Amino acid sequence: MISLGAGSAALAMAGGVAAAEPAAATPRRRVPSDAALARSISGGFRSRYAHANGVRLHYVTGGSGTPVVLLAGWPQTWWAWRHVMPELARSHRVIAVDIRGMGGSDKPQGGYDKKNMARDVHELVRSLGYSRVDVVGHDMGAMVAFSFAANHPAATRRLALVDTLHVDETQYDIPLLPRPGQGFNLWWWAFNQVQGLPAHLAAGRMRHVVDWLFANSLPDQGLVPDFDRAVYAHAYDSPDAVRAGTAWYQAAHQDIADLKTYGKVTAPVLGVGSQLTYDQFRQVLPTLATDVRVVCADKSIHYIPEEQPELLSRELLKFLA
Ligand SMILES: C[C@]12O[C@H]1[C@H](O)c1c(cc(O)c3c1C(=O)c1cccc(O)c1-3)C2=O
Ligand SMILES: O=C(O)C[C@@H](O)C(=O)O
């Protein structure tokens with residue numbers, strides 16, 4: 001899991017931890033539907049729903065070729081992949097899935113351990129006729145992607161993890177109060193553990209959360225403009241959406257226990273680390289998988305699909321060829 005050690009110290013030292021200017025109450029713009037957003041991306045993408053493992057999942061699919069599944073994280077949706085989807089669609093059938101609790105997918109009361117969320121994706125791709133797929137995950141989606149490869153090895157052709165490793169025991173050691181210059185306050189891990197309160201505090205206010213996260217990561221705020229932030233805030237602004245997002249974090253104890261039962265992933269694995277995670281990826285990934293290569297998105301802090309989409313597209317096309 002992210003140690004945010006040296007890199008984060010640099011970030012903190014550089015005063016990177018900016019307090020996002022509270023955005024003036026953004027006009028409650030109408031955010032386009034998933035159907036409209038899907039059609040706005042070149043490659044013939046369409047918004048679809050399917051039932052899998054007891055939930056209705058939303059996904060956006062397009063392109064032609066071998067199947068590649070894209071899984072985003074918190075607080076984002078399938079839209080986070082918008083810059084790489086057209087490139088991938090030229091040689092792949094792209095399936096960008098809103099994982100359980102995300103965006104247009106169901107937000108049930110339970111089932112948010114990453115092993116079960118990987119089962120959702122496995123049943124989804126089988127219902128689409130695929131027995132074997134490439135899986136690419138970012139953030140929480142990378143934990144689901146890793147769980148997919150660990151639990152469904154025969155269904156995993158290749159696995160790419162973007163900036164986030166599956167949560168492990170070291171998560172218990174991250175200080176709530178990092179010493180000055182010694183780390184980065186991962187406040188969202190504590191916030192999302194709280195039962196009930198987040199929905200009351202954050203529902204209808206998620207644009208402030210989204211703005212804070214980007215203000216404390218993106219080197220250039222223009223990389224994710226207002227429109228895209230409104231798409232993410234809209235997807236998380238209901239009490240149920242806030243609750244479902246917290247459930248991904250509250251399943252950490254189960255996820256940490258499940259990780260201990262996994263053998264090494266044998267599918268080829270590409271790790272795409274940022275400034276903050278590249279060293280950790282180099283050290284930890286080889287303990288989790290047998291066939292590992294790691295590249296560095298050296299201009300990125302975390303949101304690589306939006307900070308360095310060209311690099312990511314290039315590395316994915318090479319790796320998934
Ligand atoms: C699983 C998750 O905890 C989620 C969060 O989305 C996350 C993660 C890593 C980050 O580096 C990171 C964040 C995050 O919100 C964030 C904001 C600002 C800087 C920064 O570096 C981050 C994660 O892997
Ligand atoms: O009770 C609620 O969740 C609504 C309230 O917390 C609010 O601030 O919107």
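Just follow the structure's listing: the first ligand is 1, and inside any ligand the first atom is 1. From a predicted model like this one, the values you see are computed outputs, not experimental measurements.
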Check ligand 1 against I301 and write out every atom of the ligand that is under 4.0 Å from a heavy-atom position of the residue.
21 (O)

Below 3.5 angstrom, do we get any N/O pair linking W74 and ligand 1?
yes

With no hydrogens and no angle check, just 3.5 Å: does a side-chain donor-acceptor pair link D106 and H58?
no

From the candidates W189, Y303, W212, W187, the one that places a heavy atom nearest atom 15 (O) of ligand 1:
Y303

Any atoms of ligand 1 less than 4.0 Å from a non-hydrogen atom of N216? List them with their elements.
18 (C), 19 (C)

Taking atom types as modelled, find out whether T61 and R93 have a side-chain donor-acceptor pair closer than 3.5 angstrom.
yes

Any side-chain heavy-atom pair of R100 and P108 under 4.5 Å:
yes

In terms of side-chain heavy atoms, does S274 have a donor or acceptor partner in D163 at a distance below 3.5 Å?
yes

Sub-4.0 Å heavy-atom contact, W248 with ligand 1:
no

Does only the side chain of F214 get under 4.0 Å from ligand 1, or the backbone, or both, or neither? Count heavy atoms.
neither

When the aromatic ring centroids of F214 and H302 are compared, is their separation below 6.0 Å?
no

Which heavy-atom pair separates Y112 from A244 by the least distance, and what is that distance?
OH-CB, 3.8 Å

Close-contact set for ligand 1 against F184 heavy atoms, below 4.0 Å
19 (C), 20 (C), 21 (O)

Ignoring angles and geometry beyond distance, decide whether S217 reaches within less than 3.5 Å of ligand 1 through its nitrogen or oxygen atoms.
no

Just heavy atoms, cut-off under 4.0 Å: does L276 contact ligand 1 by side chain, backbone, both, or neither?
side chain

Applying a 4.0 Å heavy-atom criterion (strictly less than), which segment of Y249 is in contact with ligand 1: side chain, backbone, both, or neither?
side chain

Indicate whether any N or O donor in one side chain lies under 3.5 Å from an N or O acceptor in the other, for Q254 and D258.
yes

Flag the pair R243 and D240 as a salt bridge only when some basic side-chain nitrogen lies within less than 4.0 angstrom of an acidic carboxylate oxygen.
yes

For ligand 1, note which part of L213 has a heavy atom under 4.0 Å away: side chain, backbone, both or neither.
both

Does any N or O atom in D139 lie less than 3.5 angstrom from one in ligand 1, N or O only?
yes

